[in-house]
Amino acid sequence: MKNQFLPGQRRQWFGAGLLLTLSLLSCTETKTKNVPAPTPPTPTTPVVNEEAREYAQYTELVWKDEFDGGTIDQTKWTHELGASGWGNNELQNYTNSTDNSYLRNGMLVIQAQKQTTGSNAYTSARLITKGKQSFQYGRIDVRAKIPKGKGVWPAIWMLGADIDQNNWPKCGEIDIMELRGSRPTELLSTMHYANSMGVHEYKGTTQNLSEDLSADFHTYSVVRSKNLTRFYLDGSATPYYTYSATDASPFPFNNPFFVILNVAVGGNFDGNPDGSTTFPQQMQVDYVRYYQYK
């Protein structure tokens, strides 16, 4: 609030006021200003294993499931349940029944069965690590023996762990291994994503092999580094497919992802089973291992 003076009082205080003003000005000019120092930029800390290394350099075992117990480890896996086609017109109902998933002789068995009663013609299982373990940079190996037959659709794959916030395909999808059961010599690896308009796009490869993949166990691997994803079969030193940040924009594949193991039946991928398809069909998984380098 300003001070108010009568005319006579203004003259009496003029000299003192001037002196006080000069004194304050003097103090102002010599006082050290309390100006905060600029905050230095925060250094960017590299994410563990973001640098790309050769396949064999990933030697530090960080997470695994060898499936050696008596039952499926509920601290590592969740059963996704239900039917409704899963967006691909699939025929199976996924259950948590031991008819469809169980451990035997150190293996996880995912079994698709044909039903004689009920509203779904087939049952199977789909196991995920969502909410229990996610994986960012490093190498994932899955050693498995996969089924075949028209309409049988085994898959080893991953989805972005942020799927609840960024729905598919924005979260990204990494198909490490898919097989059309009617073409058991073709190994498919595919990356799914959304373009800048949010529209689903995908890029991948089909490897035409000389052997039937269902005949024996194989190790299916993906190595994820910053802006780079590489796919390997049976520990080969050379990837059979490489996918980089120039292949998608936006690029969701630097985020954490979770693992999915399942056997679907029917749908858009390989069509529905026919008279040549026998059931039950099994995917046997020896292990899932996640490695990083030092």
Side-chain angles (χ1 to χ4, degrees), residues 47-50 52-53 55 58 62-63 65 76-78 80 86-88 126-144 146 153-180 186-195 199-207 213 218-236 239-264 269 283 285 287-292:
V47 177
V48 174
N49 272 225
E50 69 176 23
R53 299 279 183 90
Y55 180 95
Y58 294 82
V62 177
W63 184 93
D65 197 339
K76 296 178 178 179
W77 302 96
T78 296
E80 283 197 291
W86 295 87
N88 305 298
R126 170 168 160 147
L127 277 68
I128 66 174
T129 67
K130 181 175 183 268
K132 302 192 175 183
Q133 181 66 43
S134 60
F135 308 87
Q136 193 169 9
Y137 301 135
R139 188 184 95 206
I140 290 179
D141 293 350
V142 181
R143 184 173 185 266
I146 56 179
W153 181 3
I156 299 167
W157 53 302
M158 307 179 78
L159 283 172
D162 62 344
I163 189 170
D164 293 335
Q165 293 74 42
N166 293 295
N167 203 3
W168 188 93
K170 290 183 180 180
C171 65
E173 175 182 328
I174 302 171
D175 297 331
I176 303 170
M177 182 286 302
E178 286 185 295
L179 183 82
R180 290 185 174 94
E186 296 181 3
L187 167 61
L188 287 85
S189 297
T190 311
M191 307 287 276
H192 297 261
Y193 54 96
N195 64 21
V199 177
H200 171 226
E201 294 187 1
Y202 63 92
K203 291 182 180 179
T205 185
T206 299
Q207 295 294 302
L213 286 170
H218 295 277
T219 302
Y220 304 93
S221 302
V222 63
V223 177
R224 299 179 60 214
S225 313
K226 186 175 182 179
N227 297 330
L228 185 67
T229 305
R230 293 167 289 166
F231 297 83
Y232 299 82
L233 179 64
D234 290 332
S236 172
Y240 62 83
Y241 181 57
T242 298
Y243 182 92
S244 70
T246 60
D247 291 314
S249 181
F251 188 81
F253 300 108
N254 289 331
N255 298 326
F257 276 59
F258 61 89
V259 170
I260 306 171
L261 307 172
N262 72 284
V263 178
F269 191 61
M283 178 162 73
V285 183
Y287 58 74
V288 180
R289 296 174 181 169
Y290 173 53
Y291 295 90
Q292 294 185 325

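With hydrogens and angles ignored, the 3.5 Å screen pairs no side-chain donor or acceptor of Asp175 with any backbone N or O of Ser189. Judged by distance alone, with hydrogens and angles left aside, the side-chain atoms of Thr190 form no donor-acceptor pair with the main-chain N or O of Gly204 at under 3.5 Å. Counting only distance, with no hydrogens or angles, the side chain of Glu178 and the backbone of Trp153 share no donor-acceptor pair below 3.5 Å. A donor-acceptor distance shorter than 3.5 angstrom exists from the side chain of Arg139 to the backbone of Tyr55, with no hydrogens or angles considered. Panel note: side chain Arg224, backbone Phe253; a donor-acceptor pair is recorded below 3.5 Å. Using modelled atom types, no side-chain atom of Gln133 and backbone atom of Phe258 make a donor-acceptor pair closer than 3.5 Å.
Atom CD1 in Ile260 sits 10.0 Å away from atom CD1 in Ile176 (nearest 0.5 Å).
For Arg143 and Asp141, the salt-bridge test fails: no basic side-chain N is under 4.0 Å from an acidic carboxylate O.
In Tyr202, the OH atom is not crowded: 12 or fewer heavy atoms of neighbouring residues, nucleotides or ligands sit closer than 6.0 Å. Within a 6.0 Å radius of NZ in Lys76, more than 12 heavy atoms belonging to other residues, nucleotides or ligands are found.
Ring orientation note: the planes of Tyr290 and Phe135 are nearly perpendicular, at an angle over 60° on the 30°/60° scale.
Taking the centre of each ring, Tyr291 and Tyr58 stay at or above the 6.0 Å mark.
Checked by atom type, the side-chain pair Glu173/Trp168 shows a donor-acceptor distance below 3.5 Å. Side-chain N/O atoms of Trp157 and Asn262 include a donor and acceptor closer than 3.5 Å.
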Verdict with reasoning, Trp77 to Asp65, per side chain to side chain donor-acceptor pair (under 3.5 Å): CA-CA 10 Å; Trp77 302 96; Asp65 197 339; 2.8 Å; yes

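The nearest pair of heavy atoms linking Arg230 to Leu228 is NE-CD2, 3.8 Å. Of all non-hydrogen atoms in Ser134 and Ala161, the two that sit nearest each other are CB-CB, 4.3 Å.
Annotation: side chain of Leu187 is not in contact with side chain of Tyr241 (no heavy-atom distance under 4.5 Å). Proximity of Tyr220 to Leu233: side-chain heavy atoms (C-beta onward) are separated by under 4.5 Å at one or more points.
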